[in-house]
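The next block holds one structure in the form of structure tokens; read it before the comments.
Please read all numbers here as calculations on a predicted model, not as lab measurements. Every chain is numbered from 1, with letters handed out A, B, ... down the list of sequences.
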Number of protein chains: 2
Amino acid sequence: MADLTTPEAQISEDPAEAGIRSETREVLLDAAERLFARVGIERASLRAITREAGANLASVHYHFGSKDALIQAVFARRLGPINRERVELLTRLQEEAGSEAVPLHDILFAFVEPVMRMLRHRDPAEARAAHELARLVVQALNDPEGPAREIVLREFHEVKERFLAALARALPDLPREDLFWRFHFMVGAMAHTASSSYMVAQLSDGLCDACDVDGMTERLVAFVAAGLQGPSVEVRR
Amino acid sequence: MADLTTPEAQISEDPAEAGIRSETREVLLDAAERLFARVGIERASLRAITREAGANLASVHYHFGSKDALIQAVFARRLGPINRERVELLTRLQEEAGSEAVPLHDILFAFVEPVMRMLRHRDPAEARAAHELARLVVQALNDPEGPAREIVLREFHEVKERFLAALARALPDLPREDLFWRFHFMVGAMAHTASSSYMVAQLSDGLCDACDVDGMTERLVAFVAAGLQGPSVEVRR
DNA sequence: GTCTATAGGTGGATAGAC
DNA sequence: GTCTATCCACCTATAGAC
């Protein structure tokens, strides 16, 4: 992160080697991610990770400083691009809309698309890895003592603010209190879908196809849109 | 579980002692639950649990056989009653409805009420414990190698089947494929709400009150009901 | 930057006295 | 049923040679 001098840059001049991109740091991140998905973050020992990476046990401490820092790096590497893209998509929509509010459906789509694109990956192994990453994020979010929770929340912060503002404009008649609650319900539905969509396949005995990411996305957006637009309830206090 | 002989029964004749219910087994379960919530399941060592319980390290192995068995017992003890009550509430609704379909709102309410009742506990410490239990359940569900996942799924199985059937009757025009997907979205919204409702308070800068469990429940049910009843999307394959 | 060796600690489990 | 003492596997982290 603070690696501004990039002392490795002068080494790999070989074009073939540059194509393979097998720098230890990256290989370690890949291996860690794979193992986190397979056995869980806590249970993935540095010994197992470095073995998987074909690297030395001490290399993790050289490149990251600690296991916790490695964990954080794994999450930051994935979540950064996704959340940046969410914000960029929304920005583009707002530019197109000019002084109008962005349509609800478009906002929701911009929110889920960057995640769903990962799940839709052509390579089944990559798609599976994406599902497991989503699962890891939910796991991290529900582990208050875990080292990844903070990263996930920080990476999500700007997304949350921007999309809440956009939703407030798209749903001008919805009381702010309802907006916050419904945003929360929406995040829950989406997180559970991204992390456990395979469950729908077994729940429906194969009728629903979790690999049909586009269909899943459309259904999810439709469900959430209907929920957001529903009537406000009278809440007696 | 297979404790049919109950060899302890002959011991505590004292009425005062019976009221306190301080049998080691139960004390261990309480202590474990408390520690799981505080530091996470994996990070709660048997040493810390038995210290918290005022019991001996070896007592866990005597009463449960292993740490994994203790973990499973903690979850089973809580989830059993909740899920049994969900089913009972639904059964009662169906008896009242006779040959009619149970109204959607009532079905949803029966689904969430037993969970929300825990969160609404008068004692703030108990209410907090309930939130953390919900968080533990979500955590367990997202940890494929964890010993609690299987228990959670097994305890939920009958609930799932019963409520899916009831929803199918309440929403006769909804294609089955949509029903499965929307049920999944619903579970996600509810799980995230039960486990992380405190986030809404900080998200809304205090405007939303996560302690107002009744208001939260009504909003959640309204959101999900609107989502379930929304129009089916045309999905191109 | 990589690797070996090892320090220093904690974990779950169990044998056997009481 | 309870408790002590102990086994042994495994972990992260680091020092220091190359």
Discussion item. Measuring only between side-chain heavy atoms, which start at C-beta, is B/Val221 closer than 4.5 Å to B/Phe111?
Written reply: no

With the side chain defined as heavy atoms from C-beta on, B/Asn56 is closest, among D/dG1, C/dC3, D/dC3, to D/dC3

Non-hydrogen side-chain atoms of A/Asp30 and A/Arg77 separated by less than 4.5 Å: yes

Whole-Å distance, B/Leu46 CG to D/dA5 P, equals 19 Å

In whole angstroms, the gap separating C1' of D/dC10 from CD of A/Glu42 amounts to 15 Å

Atom CG of A/Leu35 and atom C1' of D/dC11 are separated, to the nearest Å, by 15 Å

*Would one find a side-chain N or O of A/His61 under 4.0 angstrom from OP1 or OP2 of D/dA13?*
yes

request  = Answer yes or no: does a side-chain N or O of B/Thr24 lie under 4.0 Å from OP1 or OP2 of D/dG1?
outcome  = no

**OP:** Flag the pair A/Ile82 / A/Glu155 as yes when at least one side-chain heavy-atom distance between them is below 4.5 Å, and no otherwise.
**Re:** no

The nucleotide from D/dA13, C/dT2, C/dG11 with an atom nearest the side chain of A/Leu57 is D/dA13

B/Asp68 CG to C/dA13 C1', in whole Å, measures 12 Å

Testing C/dG12, C/dA13, D/dT4 for proximity to the side chain of B/Ser66, the answer is C/dA13

Worksheet item: Are the side chains of B/Val138 and A/His192 in touch, meaning some heavy atoms are under 4.5 Å apart?
Response: no

Whole-Å distance, A/Leu70 CG to D/dA13 P, equals 10 Å

Checking C/dT2, D/dA15, C/dG12 against the side chain of B/Arg47 (C-beta onward), the nearest is C/dG12

Whole-Å distance, B/Arg43 CZ to D/dC11 C1', equals 14 Å

Checking D/dG1, D/dT14, C/dT14 against the side chain of B/Tyr62 (C-beta onward), the nearest is D/dG1

Discussion item. When you measure from the side-chain N and O atoms of B/Ser59 to the phosphate of D/dT2, is any distance below 4.0 Å, counting only OP1 and OP2?
Written reply: no

note: B/Arg25, atom CZ; D/dT2, atom P; distance rounded to Å ~ 12 Å

| message | In the structure I gave you, are the side-chain heavy atoms of A/Arg135 and A/His131 within less than 4.5 Å of one another anywhere? | response | no

To the nearest angstrom, the CD1-P distance between A/Ile41 and D/dC11 comes to 16 Å

